[in-house]
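Working notes, structure below.
Residues: numbered from 1 along the sequence shown. All ligand and atom numbering here is 1-based and tracks the order in the structure.
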Amino acid sequence: MDVTLKIFRYNPEKDEKPHFDTFQVRAEPTDRILDILEYIKGHHDGTLSYRRSCAHGICGSDAMRINGRNYLACKVLVKDLGTDQITVEPLLGLPVLKDLIVDMDPFFEHYRSVLPYLINDEPEPEKERLQSPAQRERFDDTTKCILCAACTTSCPSFWANGKYVGPAAIVAAHRFIFDSRDRAAAQRLEILNDQFGVFRCHTIFNCTEACPREIQITKAIGEVKKAIMTGRVDYE
Ligand code: SF4
Ligand code: F3S
Ligand code: FES
């Protein structure tokens, strides 16, 4: 089949403002959008810029906006889009550096702000810190995040104010808040109770729909809100 790709282009070294370039290429319905971008870069325009690494939905580097929705370009197939007219744009809400590449620094600043690592200063046990299967299950879903930013950059609250910590950072916080081995839940909940914290979420669900790992993000956010409101963290 023939597909038409309309791709957002911006080179800060020579363009005053962004524009779209259109490419017509042959594609199989089972081709991934990343395959088509690679073809265009290899055969039509070597200056086309985007991030990619693993090409298998693991590294999280090729999140972009495709036909108005965030996807990993390596995980979405032509046939998934249900059309031969495909528009590809950079993620919304982060500064565009070049073409489909956005500046991820603000995203990772939010991520770092929630202390996304295990904190426990108690004396080390002789063996491991024990945890029951139910306690491990409690935060299993939020361990799956690959930090692709598809969630945060699909959130209207984040678009309205980039100071909002955003769903990805809350997912990272959730992963440690509900870990029975961690001792910094109160500290993280205080950080997330800030004016740009978790209550900026108005339960819009775009984040959950965009997540390529199918993490129940809105549910996790609700659990963090509840922990703040009740002052209680349930580990099972
Ligand atoms: Fe990406 Fe999902 Fe993690 Fe958000 S929660 S950064 S969409 S993997
Ligand atoms: Fe935004 Fe997701 Fe909440 S889209 S408003 S963080 S449910
Ligand atoms: Fe690694 Fe798509 S290139 S997730």
Which of the numbered atoms in ligand 2 are under 4.0 angstrom from any heavy atom belonging to Cys207?
2 (Fe), 4 (S), 6 (S), 7 (S)

For Pro167, counting its heavy atoms only, list the atoms of ligand 2 lying under 4.0 Å from any of them.
6 (S)

Under 4.0 Å, heavy atoms only, figure out whether ligand 2 is touched by the backbone of Asn206, its side chain, both or neither.
both

Is His110 reaching over with its side chain to a backbone N or O of Ile170, donor-acceptor style, under 3.5 angstrom?
no

Classify the contact between Ile58 and ligand 3 as side chain, backbone, both or neither, using a heavy-atom distance cut-off of under 4.0 Å.
backbone

Verify the distance criterion only: is there a donor paired with an acceptor across the side chains of Arg9 and Thr47 at less than 3.5 Å?
yes

About how many Å separate CD of Gln216 and OG1 of Thr142, when rounded to the nearest 0.5 Å?
11.5 Å

Which protein non-hydrogen atom lies closest to atom 5 (S) of ligand 2, naming both residue and atom, and how far is it?
His202 N, 3.2 Å

Please give me the protein atoms (N, O or S only) lying under 2.8 Å from atom 4 (Fe) of ligand 1, ordered by chain and number.
Cys151 SG

Could you pull out all residues at least two apart from Asp35 that satisfy side chain to side chain donor-acceptor pair (under 3.5 Å)?
Arg32

I need the nearest protein heavy-atom contact for atom 6 (S) of ligand 2: residue, atom name and distance, please.
Tyr164 OH, 3.5 Å

Give the atom numbers and elements of ligand 2 that come within less than 4.0 Å of a heavy atom of Thr218.
7 (S)

Holding to salt bridge (charged side-chain N to carboxylate O under 4.0 Å, His left out), I want the full list of residues that pass it with Arg181, two or more places apart in sequence or in another chain.
Asp179

Ligand-residue contact atoms, ligand 1 with Pro212, heavy atoms, under 4.0 Å:
7 (S)

Tyr50: side chain to side chain donor-acceptor pair (under 3.5 Å) partners, not counting sequence neighbours
Glu38

Near Thr203, which atoms of ligand 2 are under 4.0 Å from a heavy atom of that residue?
3 (Fe), 5 (S), 7 (S)

How does Ile221 reach ligand 2, by side chain, by backbone, by both or by neither, if only non-hydrogen atoms under 4.0 Å count?
side chain

How does Phe158 reach ligand 2, if at all, at less than 4.0 Å between non-hydrogen atoms: by side chain, backbone, both, or neither?
neither

Taking atom 3 (Fe) of ligand 2 as the reference point, the nearest protein heavy atom with its distance
Cys201 SG, 2.3 Å

Atom 4 (S) of ligand 3: nearest protein contact (heavy atom, Å):
Gly60 N, 3.2 Å

Calculate, to the nearest 0.5 Å, the distance between atoms CD1 and CD1 belonging to Ile7 and Ile40 respectively.
4.0 Å

Would you kindly specify which portion of Ala55 sits under 4.0 Å from ligand 3, judged on non-hydrogen atoms: side chain, backbone, both or neither?
backbone

Do Asp182 side-chain atoms and Ile119 backbone N/O form a donor-acceptor pair below 3.5 Å?
yes

Counting heavy atoms only, which part of Cys59 comes closer than 4.0 Å to ligand 3: side chain, backbone, both or neither?
both

